[in-house]
Asks: 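My questions all concern the structure below.
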Amino acid sequence: MRSTFKVLFYLKKDKHKVQPVVPVMGRITVNGTISQFSAKLSVPPHLWEVKGGRAKGKSLEADRINRYLDNIRIQIGKHYQSICDRDGYVSADKVKNAYLGFSKRYKLLLELCDEFCKEYKNRIDVDRTIHSLFRYQTLRRDLSLLSVRTIKSRIYPLWNWISLLQRSLPPI
């Protein structure tokens, strides 16, 4: 069965106050069901083209915004395709949750650290040392602090961590 699928972006304007930058929201539509999410991006309203759902012009900022939105659109399309191939039944919420990293298939980095430390703790004195466990627990604590400071959230999908680290680390 063929399903309809569309991703569009719009500005979430506040009618009561004028804002210099406005948050961009995304809307996923699958077979008439709608799911909305924040694109985690803010743009000046004068740069936004409502009809196209993207920034207008060829300025450096408009190009950066459009590349970011295209990347989101491509990722959502890949998630949609993988859900179609795997489950057969697709809904807008399933696609959104897969994109945000809340599906069963994806794990959060801090959850992976917790699982690893738990398994590591069971193997102490067998083939692991307590000192190494302390190092892993320190790493987990530091990642948690990093997520709160940079991302402002403890809920962050693993694949988003990879792109964050690639941007923040110097090239080799």
Side-chain angles (χ1 to χ4, degrees), residues 5 7 9 11-12 19-28 30 33-43 55 60-61 63-172:
F5 170 69
V7 179
F9 297 100
L11 296 183
K12 184 178 181 181
Q19 300 169 308
V21 291
V22 182
V24 177
M25 299 293 290
R27 180 180 299 142
I28 302 169
V30 178
T33 62
I34 295 173
S35 190
Q36 299 173 336
F37 64 95
S38 170
K40 296 181 178 75
L41 176 72
S42 294
V43 300
L60 192 60
E61 186 177 11
D63 186 48
R64 179 188 60 83
I65 291 166
N66 289 334
R67 279 189 283 121
Y68 184 82
L69 295 176
D70 288 341
N71 187 21
I72 291 174
R73 191 175 279 121
I74 289 168
Q75 287 179 23
I76 290 173
K78 287 180 181 176
H79 288 295
Y80 170 78
Q81 192 60 49
S82 70
I83 291 170
C84 280
D85 295 342
R86 186 181 65 235
D87 297 343
Y89 170 73
V90 184
S91 71
D93 283 331
K94 274 178 132 178
V95 176
K96 178 185 90 169
N97 289 337
Y99 168 69
L100 294 176
F102 297 130
S103 67
K104 295 175 187 170
R105 188 172 169 201
Y106 298 100
K107 295 206 176 200
L108 303 176
L109 181 61
L110 297 179
E111 288 177 0
L112 285 173
C113 287
D114 290 339
E115 287 177 19
F116 178 81
C117 287
K118 184 178 175 184
E119 291 172 12
Y120 198 94
K121 197 176 202 177
N122 293 334
R123 296 177 64 186
I124 290 177
D125 293 333
V126 176
D127 59 348
R128 305 285 186 238
T129 64
I130 189 96
H131 301 294
S132 296
L133 176 64
F134 293 150
R135 286 191 199 122
Y136 288 121
Q137 289 172 335
T138 303
L139 171 68
R140 195 260 183 237
R141 185 196 69 222
D142 292 344
L143 285 172
S144 177
L145 290 173
L146 174 71
S147 71
V148 170
R149 288 183 186 145
T150 17
I151 307 161
K152 311 280 190 282
S153 169
R154 290 183 188 268
I155 302 172
Y156 204 65
L158 180 60
W159 54 271
N160 283 351
W161 275 98
I162 295 167
S163 63
L164 173 72
L165 292 173
Q166 286 173 341
R167 288 191 308 259
S168 62
L169 294 175
I172 297 175

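Nothing here was measured: the structure is a model prediction, and the numbers come from that model.
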Asks: Where is the tightest heavy-atom contact between Val30 and Thr33, given as atom of each residue plus distance?
Replies: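 Heavy atoms of Val30 and Thr33 come nearest at O-OG1, 2.7 Å.
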
Asks: For Ser144 versus Leu110, what's the shortest heavy-atom pair and its separation?
Replies: N-CD2, 3.9 Å

Asks: Supply the atom-to-atom distance Arg86 CZ to Lys94 NZ, rounded to the nearest 0.5 angstrom.
Replies: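 The NZ atom of Lys94 is 7.0 Å from CZ of Arg86, to the nearest 0.5 Å.
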
Asks: What orientation do Phe116 and Tyr120 show, parallel under 30°, tilted 30 to 60°, or perpendicular over 60°?
Replies: tilted

Asks: Looking at Arg141, Arg140, Lys121, which hits salt bridge (Lys or Arg N to Asp or Glu O under 4.0 Å) with Asp114?
Replies: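 Among Arg141, Arg140, Lys121, the one that satisfies the salt bridge (Lys or Arg N to Asp or Glu O under 4.0 Å) with Asp114 is Arg140.
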
Asks: Side chains of Ile72 and Val7: does their closest heavy-atom pair fall under 4.5 Å?
Replies: no

Asks: Any side-chain heavy-atom pair from Val24 and Leu11 closer than 4.5 angstrom?
Replies: yes

Asks: I need the minimum non-hydrogen distance between Pro23 and Ser42, along with the two atoms involved.
Replies: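 Scanning both residues completely, I find the closest heavy atoms to be CA-OG, 3.8 Å.
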
Asks: Once you measure the plane-to-plane angle for Phe9 and Phe37, does it fall in the parallel (<30°), tilted (30-60°) or perpendicular (>60°) bin?
Replies: perpendicular

Asks: Step by step, would you call Arg67 with Asp70 a salt bridge (Lys or Arg N to Asp or Glu O under 4.0 Å)?
Replies: CA-CA 5 Å; Arg67 279 189 283 121; Asp70 288 341; over 6 Å; no

Asks: Taking side chain as C-beta onward, heavy atoms only, is Arg128 less than 4.5 Å from Leu133?
Replies: no

Asks: To the nearest 0.5 angstrom, please state how far the CD1 atom of Ile83 sits from the OH atom of Tyr99.
Replies: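 Here the rounded value is 13.5 Å.
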
